[in-house]
2 protein chains.
Amino acid sequence: MVPLLNDGSIVGESSRAERKALEKRRAILRAAAVAFRKHGFLATGMREIASAADLSPANLYYYFDSKQELLYFCQDHSLDRLLEEVTAAKERERRPADVLRQIISAHARFMLDELDGASAHLEVDALAAPLRARIVEKRDRYEQAVRKIISNGMKAGAFVKSDAALITRAIFGALNWTARWYRPDGPAQPSVIAEAYAEYLVRGLLK
Amino acid sequence: MVPLLNDGSIVGESSRAERKALEKRRAILRAAAVAFRKHGFLATGMREIASAADLSPANLYYYFDSKQELLYFCQDHSLDRLLEEVTAAKERERRPADVLRQIISAHARFMLDELDGASAHLEVDALAAPLRARIVEKRDRYEQAVRKIISNGMKAGAFVKSDAALITRAIFGALNWTARWYRPDGPAQPSVIAEAYAEYLVRGLLK
DNA sequence: ATAATTTTAGAACATTGGTTCCACTTTTGA
DNA sequence: TCAAAAGTGGAACCAATGTTCTAAAATTAT
C-alpha cells in the first residue's frame with residue numbers, strides 16, 4: 001500500500017503510484033456515496049461499501065485501514081472543497097450579500113451533486129476522539145469563515161444585526177439537511193435548489 | 001404487558017393500568033433522550049437505553065417489543081406534538097408571517113428542550129418499511145401544513161413568491177439541525193435560539 | 001523471463017447489538 | 001390471604017459487522 005501519514009495525507013512529493021492510489025480511494029468513495037445517501041454513513045457496512053466499489057471486503061482494507069479512516073478521508077476531503085469555495089467566493093464577489101449567496105449556492109450544489117462523501121460530512125460524531133478532533137477543527141474553520149462574513153456584513157450595515165453564530169448554523173442546517181430529502185430523480189434540479197436557497201437564506205439578512 | 005395495537009396506540013378507553021404503562025414508556029424515552037442527543041438514535045444501543053432508564057435490557061423489552069417499535073413510538077409522539085403546534089399557531093395568529101413565526105419558534109423549542117425523543121424524529125430511515133410508511137405519512141402531513149401556510153402567504157402577497165416546498169424544507173433543515181449542535185450547557189438558551197430562528201427564517205419571506 | 005511488488009479475495013475471528021428464555025420478585029384484586 | 005397478573009433481570013443466543021489471516025493472481029521492474 002502507498003505510504004500515508006497518519007493524517008491521511010500523502011507523504012512526500014506524490015509519485016504517480018501515490019496519485020493513482022489516491023484516485024482509487026476517491027473512486028471507492030464515489031461508488032459508496034450512493035449507499036451513504038440512502039441510509040447514512042453509520043448504517044452503511046463495509047461489505048456494502050466494498051460491493052458498491054466492486055471490491056471484496058478484505059480488499060477494501062487494502063485502501064483504508066479502517067472504517068474510521070474511510071470516514072475521515074471523506075470528511076476531510078469534503079471540508080477542503082467547502083473551504084475552497086469560501087476563498088473563491090471572497091475573491092469573486094465584493095458585497096457581503098453576494099459573497100454569502102455564492103457560498104450558499106456552492107455548498108448546496110456540493111451537497112447535491114458532488115458524489116464523494118458529501119453526505120458523509122454530516123456524521124462527525126461517528127469519528128473517535130483523535131480523528132474527530134482534526135475534523136472538528138477544520139469544520140470550525142469553515143464555520144468561522146462564514147460567520148465572519150455574516151458578522152462583518154452586520155457591522156457594515158449590509159445585514160440586519162442579529163446573532164451571527166446562530167444564523168450561520170441555521171444556514172448550515174438548511175444546507176446539510178438537503179442530503180436527507182434530495183433524490184436525484186426528484187423534480188427539483190440541484191442548481192434550482194441552490195439558487196432558491198441562496199436567495200431565501202440571504203434575504204433573511206437584508207435590511 | 002398492556003395490550004397495544006400493532007400501531008402502538010392504546011386499545012379501547014385507556015384504563016388506569018394502560019395509562020400508567022404509557023407514562024412509563026414516555027419516561028423511558030425521556031431518560032434515553034440524553035443518549036439519543038449524544039450520538040443519535042441509531043448509535044444508541046438497547047443496553048444503553050435500558051441503563052439510562054434504570055432497567056435491565058431484558059426488562060426494556062417488556063415495554064417495547066423491539067428497537068423499531070421504540071423508535072416508532074418516539075417519532076409518532078414527536079410528530080403529534082408538532083402537529084398540535086400547527087393547529088395552535090393557526091388558532092392564535094392571523095397573519096401568515098405570525099403563524100409561521102409561531103410554528104418555527106415552537107418547533108425549535110421542541111427540538112431543544114423537549115426531552116423525549118425530539119432528536120429521534122430525525123432518523124426516519126432507520127425504520128423498516130411497514131412502520132416507516134406510517135411515520136412518513138404523518139410527517140408529510142406536518143410538512144404539507146407548513147407548506148400550505150407559506151404558499152398561501154405567497155398567493156396573498158404577504159410573502160415573496162418562490163418555491164414553497166423548497167422553502168419549507170430549508171426551514172425544517174435549519175430547525176432539525178439544531179439537535180446536532182445544541183448543548184444544554186452551551187451559551188444560547190432555547191428560547192433565544194427559537195426567537196432568532198423565527199425572526200430570520202420568516203424575514204427571508206417578507207417583501 | 002523472472003523476481004519483487006502490488007493488488008485481490010475467501011474464509012474465519014472477535015465483538016457488538018438486538019433479542020429471547022426462564023425463573024424470580026412484586027403488585028394487584030377477590 | 002392467596003392466587004393471578006404485572007414487572008424484573010441474569011444469562012445466553014444469534015445474526016451482523018468491523019476486521020484480520022493467508023495465500024493466490026496481477027502487475028511492475030530488472
Side-chain angles (χ1 to χ4, degrees), chain A residues 1-4 10-11 14-29 31-32 35-36 38-74 120 123 126-128 130-131, chain B residues 1-4 10-12 14-29 31-32 35-36 38-74 120 123 126-128 131:
Chain A
M1 177 52 181
V2 166
L4 297 177
I10 300 291
V11 64
S14 54
S15 69
R16 172 143 88 275
E18 284 160 349
R19 252 181 320 214
K20 190 182 150 199
L22 185 64
E23 184 39 53
K24 178 82 182 220
R25 283 157 69 101
R26 291 248 171 81
I28 292 173
L29 259 17
F36 289 167
K38 201 147 54 185
H39 35 256
F41 179 83
L42 272 170
T44 307
M46 289 300 263
R47 284 168 183 80
E48 194 176 349
I49 296 172
S51 111
D54 255 310
L55 292 168
S56 68
N59 196 10
L60 178 55
Y61 277 85
Y62 180 74
Y63 293 100
F64 295 98
D65 282 343
S66 64
K67 197 183 180 187
Q68 288 273 319
E69 199 216 311
L70 194 154
L71 176 54
Y72 176 80
F73 185 80
C74 262
E123 316 195 25
L127 275 177
L131 293 174
Chain B
M1 177 51 180
V2 165
L4 297 178
I10 300 291
V11 63
S14 54
S15 69
R16 175 146 82 275
E18 283 161 351
R19 254 182 318 214
K20 189 182 152 199
L22 184 64
E23 184 40 51
K24 178 82 181 215
R25 282 157 72 100
R26 292 247 171 83
I28 292 173
L29 259 18
F36 289 166
K38 201 144 55 182
H39 34 255
F41 179 83
L42 272 170
T44 307
M46 289 299 264
R47 286 169 181 81
E48 193 176 350
I49 295 172
S51 112
D54 255 310
L55 292 169
S56 69
N59 196 10
L60 177 56
Y61 277 84
Y62 181 74
Y63 293 99
F64 295 97
D65 283 343
S66 64
K67 199 185 178 185
Q68 288 273 319
E69 199 217 311
L70 195 155
L71 176 55
Y72 175 80
F73 184 80
C74 262
E123 316 195 26
L127 276 176
L131 292 173

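Given the structure is predicted, the values throughout are model-derived calculations rather than measurements. Order of the sequence lines fixes the chain letters, A, B, ..., with proteins taken first and strands second; residue numbering starts at 1 for each chain.
Following rounding to the nearest Å, A:L55 (CG) and C:dT8 (P) show an atom-to-atom distance of 6 Å. A straight line from OH of B:Y62 to P of C:dC22 spans 18 Å, rounded to a whole angstrom. Atom C1' of nucleotide C:dT7 and atom CD1 of A:I28 are separated by 11 Å, given to the nearest angstrom. In this structure, the CG atom of B:L60 is 14 Å from the P atom of D:dG10, given to the nearest Å. B:D54 has its CG atom 17 Å from the P atom of D:dG7, to the nearest Å.
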Inset, instruction - Any chance you could list the contact pattern along nucleotides 13-19 of chain C? Use B for base contacts, S for sugar-phosphate-only contacts and - for none, protein heavy atoms under 4.0 Å, 5' to 3'. - result: ----BBB
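Looking at A:K67, its side chain never comes within 3.5 Å of a backbone N or O of A:G45 through a donor-acceptor pair. Using modelled atom types, one side-chain atom of B:E69 and one backbone atom of B:D65 make a donor-acceptor pair closer than 3.5 Å. With B:R25 contributing its side chain and B:F64 its backbone, the two residues share no donor-acceptor pair below 3.5 Å.
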Residues 49-60 of chain B, side-chain donor-acceptor partners within the protein, below 3.5 Å, at least two apart:
| unit_1 | atom_1 | unit_2 | atom_2 | d |
| --- | --- | --- | --- | --- |
| B:S56 | OG | B:N59 | N | 3.0 |

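The side chain of A:K24 contributes no N or O atom lying less than 4.0 Å from OP1 or OP2 of C:dT6. Residue A:N59 places none of its side-chain N or O atoms closer than 4.0 Å to OP1 or OP2 of C:dT7.
For the pair A:L29 and A:L70, the minimum side-chain heavy-atom distance is below 4.5 Å.
In terms of the side chain to side chain donor-acceptor pair (under 3.5 Å) criterion, A:Q68 has no residue partners (sequence neighbours excluded).
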